[in-house]
Amino acid sequence: MPELPEVETIRRQLEPRAVGQTIVDAVVLDPLWCAPRPPAEVEEALRGRQITRLGRRGKYLIVELDDERFLVMHLRMTGNFLWVAAADTEERRYLRVRLWLDGGARLEFVDQRRFGTGIVLDGTDALDEYLSSRLGPEPLEPSFTADVLRQTAKGRKAPIKAFLLNQQMIAGVGNIYADEALFRARIHPLKEAGRLKRDEFARLRESIVEVLNEGIQSFGASIDNYRDANGAEGRMQNRFQIHLREGEPCPRCGSTVRKMRAAGRGTYFCPRCQRAPRPARAKVA
DNA sequence: CGCGCAACCTGTCTGC
DNA sequence: TGCAGACAGGTTGCGC
């Protein structure tokens, strides 16, 4: 669930409070979180370190430490990363990792499905290598232009929906925002990525930037598990135009919104606004 | 190399 | 009510 807007929301909320704090103790309760590295190794790397910066790349949250190391986390499907005040003694179910801070508060990684991960990387070279091997351009950077999108998609046969979900093509877009962006750009999810027209790439770039920014402004989308760093729900789910709206009228043309499977994921679209890639054509006699 | 799909893990919902 | 099966927002590895 957590896509770029959700991770950015958490980063922005934690930054003013966490930067400058020292991790006095770290406890990794679930070895799966940092596998194949043993919890003790990660705990030791974090203990005593000051947090100097909080960053984000795609859906990765990056905690910069004062010894040139980085804790790189991914929330995957159900991960939450919470700021917990000292007075809060609640024992959260699915707690995986706990970072005790010198100010008395703590950071808790909570994750029902246990897909979330954390890895400690040594130095900026290792960090850059880790991220750049996995991620394409940042869609909210000015360098993300329609032409970059077009060049990246050139020759690609995969459906545009699969293309958008591929983090090596564009970083940070997930199933929700892919649906929203394609709807707003009026592009069918199954259209071959390399076959989009210039104006479609232009609309798609605009739509991606628009929905991601809207997501950030709305503190992310809470469908099920997502909560921000304060444990609060986001509001972007109230602004969905197409996602999860099967059977409802399309907000643009009134046609009935449909659900299909694309790139192996539930995909919502308007059959009228997002025309099929190869409309069945009557044979010319 | 590109693409599709199963797998990772846990909980919830649907249909029989 | 019980239960098997499908499905859930992400990423990776494997087979073709």
Side-chain angles (χ1 to χ4, degrees), chain A residues 1-10 29-36 56-61 72-81 92-97 109-119 130-136 139 151-183 189-195 211-212 214-216 218-228 233-240 242-247 259-268 277:
Chain A
M1 139 194 93
E3 307 180 29
L4 187 155
E6 287 72 29
V7 179
E8 179 62 19
T9 295
I10 292 169
L29 298 99
D30 184 358
L32 202 54
W33 184 77
C34 56
R56 179 195 58 76
R57 177 84 166 84
K59 302 172 191 172
Y60 289 92
L61 185 64
V72 180
M73 293 183 290
H74 200 298
L75 303 174
R76 296 288 180 100
M77 305 277 261
T78 55
N80 292 144
F81 196 50
R92 284 165 185 77
R93 204 177 172 192
Y94 312 120
L95 177 66
R96 306 297 175 202
V97 179
F109 196 104
V110 176
D111 185 10
Q112 178 191 101
R113 284 174 77 179
R114 304 175 64 204
F115 286 150
T117 60
I119 183 173
Y130 184 86
L131 296 174
S132 65
S133 67
R134 290 168 170 77
L135 302 175
Q151 289 301 326
T152 309
K154 195 171 183 178
R156 301 250 159 212
K157 302 250 184 229
I160 188 65
K161 172 81 185 257
F163 175 84
L164 292 178
L165 293 180
N166 185 339
Q167 301 301 295
Q168 299 188 90
M169 302 297 115
I170 306 164
V173 178
N175 201 40
I176 295 171
Y177 294 95
D179 278 4
E180 291 295 320
L182 287 172
F183 170 71
L190 292 183
K191 182 150 186 174
E192 207 174 287
R195 290 199 170 172
V211 298
L212 293 178
E214 206 176 317
I216 293 171
S218 305
F219 299 91
S222 292
I223 295 171
D224 194 8
N225 288 271
Y226 172 72
R227 296 295 182 274
D228 67 19
E233 293 188 1
R235 302 194 243 311
M236 184 63 190
Q237 68 280 7
N238 302 321
R239 303 181 63 96
F240 290 168
I242 199 80
H243 194 72
L244 297 181
R245 291 193 174 277
E246 181 183 22
K259 182 182 184 182
M260 66 184 297
R261 190 150 286 268
R265 345 256 337 161
T267 300
Y268 300 81

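Note that the structure is predicted; figures quoted are calculated from it, not measured. Protein chains get the first letters and strands the later ones, always in sequence-line order, with residue 1 at the start of each.
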Quiz item: For A:Gly172, does its backbone N or O pair with a side-chain atom of A:Gln167 as donor and acceptor, under 3.5 Å?
Solution: yes
Quiz item: Looking only at atom P, what distance separates C:dA6 and B:dA6, rounded to whole Å?
Solution: 11 Å
Quiz prompt | Distance, P atom - from B:dC9 to C:dC14, rounded to whole angstrom | solution = 16 Å
Quick one: which of [options] gets closest to the side chain of [X]?
X	options	result
A:Leu32	C:dG10, B:dC9, B:dG4	B:dC9
A:Tyr94	B:dC9, B:dT10, B:dG4	B:dT10
A:Lys157	B:dG4, B:dC9, B:dC3	B:dC3

Ignoring hydrogens, what is the shortest heavy-atom contact between [X] and [Y]? Give both atom names and the distance.
X	Y	answer
A:Ala263	A:Lys161	CB-CG, 4.3 Å
A:Ala221	A:Phe240	CB-CZ, 3.7 Å
A:Ser218	A:Met236	CB-N, 3.5 Å
A:Arg245	A:Tyr268	N-CD2, 3.8 Å

Checking all strands, does [X] fall into the base, sugar-phosphate, or nothing category for heavy-atom contacts under 4.0 angstrom?
X	result
A:Tyr60	sugar-phosphate
A:Pro5	nothing
A:Ala263	nothing

Hey, is [X] close enough to [Y] for a salt bridge, meaning N to O under 4.0 Å?
X	Y	answer
A:Lys59	A:Glu3	no
A:Glu192	A:Arg156	no
A:Arg76	A:Asp111	no

Quiz item: Does one side chain, of A:Glu6 or A:Tyr177, offer a donor that lies under 3.5 Å from an acceptor on the other?
Solution: yes
Check the distance between [N]'s [atom2] and [X]'s [atom1] and give it to me in whole angstrom.
X	N	atom1	atom2	answer
A:Leu95	B:dC9	CG	P	19 Å
A:Asn166	B:dC3	CG	C1'	10 Å
A:Leu75	C:dT11	CG	P	10 Å
A:Asp30	B:dC9	CG	C1'	10 Å
A:Asn225	B:dG11	CG	P	11 Å
A:Leu165	C:dT12	CG	C1'	14 Å
A:Lys191	B:dC3	NZ	P	17 Å
A:Phe115	B:dA7	CZ	C1'	8 Å

Whether [X] contacts [N] is assessed here as follows: a side-chain N or O lying under 4.0 Å from the phosphate OP1 or OP2. Is that the case?
X	N	result
A:His74	C:dT11	yes
A:Gln167	C:dT11	yes
A:Arg114	B:dG11	no
A:Arg76	C:dT11	no

Quiz prompt | Test salt bridge (charged side-chain N to carboxylate O under 4.0 Å, His left out) applied to A:Glu180 - qualifying residues, sequence neighbours left out | solution = A:Arg184
Quiz item: Which dot-bracket notation, 5' to 3', represents the base pairing of DNA chain B when pairs are defined as Watson-Crick or G-U with both distances under 3.5 Å, crossing pairs as [ ], and inter-strand pairs as |?
Solution: .|||||||.|||||||
Quiz item: Quick one: does NZ or CZ of A:Arg134 land under 6.0 Å from the six-membered ring centre of A:Tyr130, within 45 degrees of the ring axis?
Solution: yes
Interface polar pairs with nucleotides 4-8 of chain C, N/O, under 3.5 angstrom:
unit_1	atom_1	unit_2	atom_2	d
C:dA8	OP1	A:Lys259	NZ	3.3
C:dA8	OP2	A:Arg261	NH2	2.7
C:dA8	N3	A:Arg113	NH1	3.3

Self-check item: DNA chain B: 5'-proximal contact among A:Arg156 and A:Arg96 (nearest heavy atom)
Solution: A:Arg156
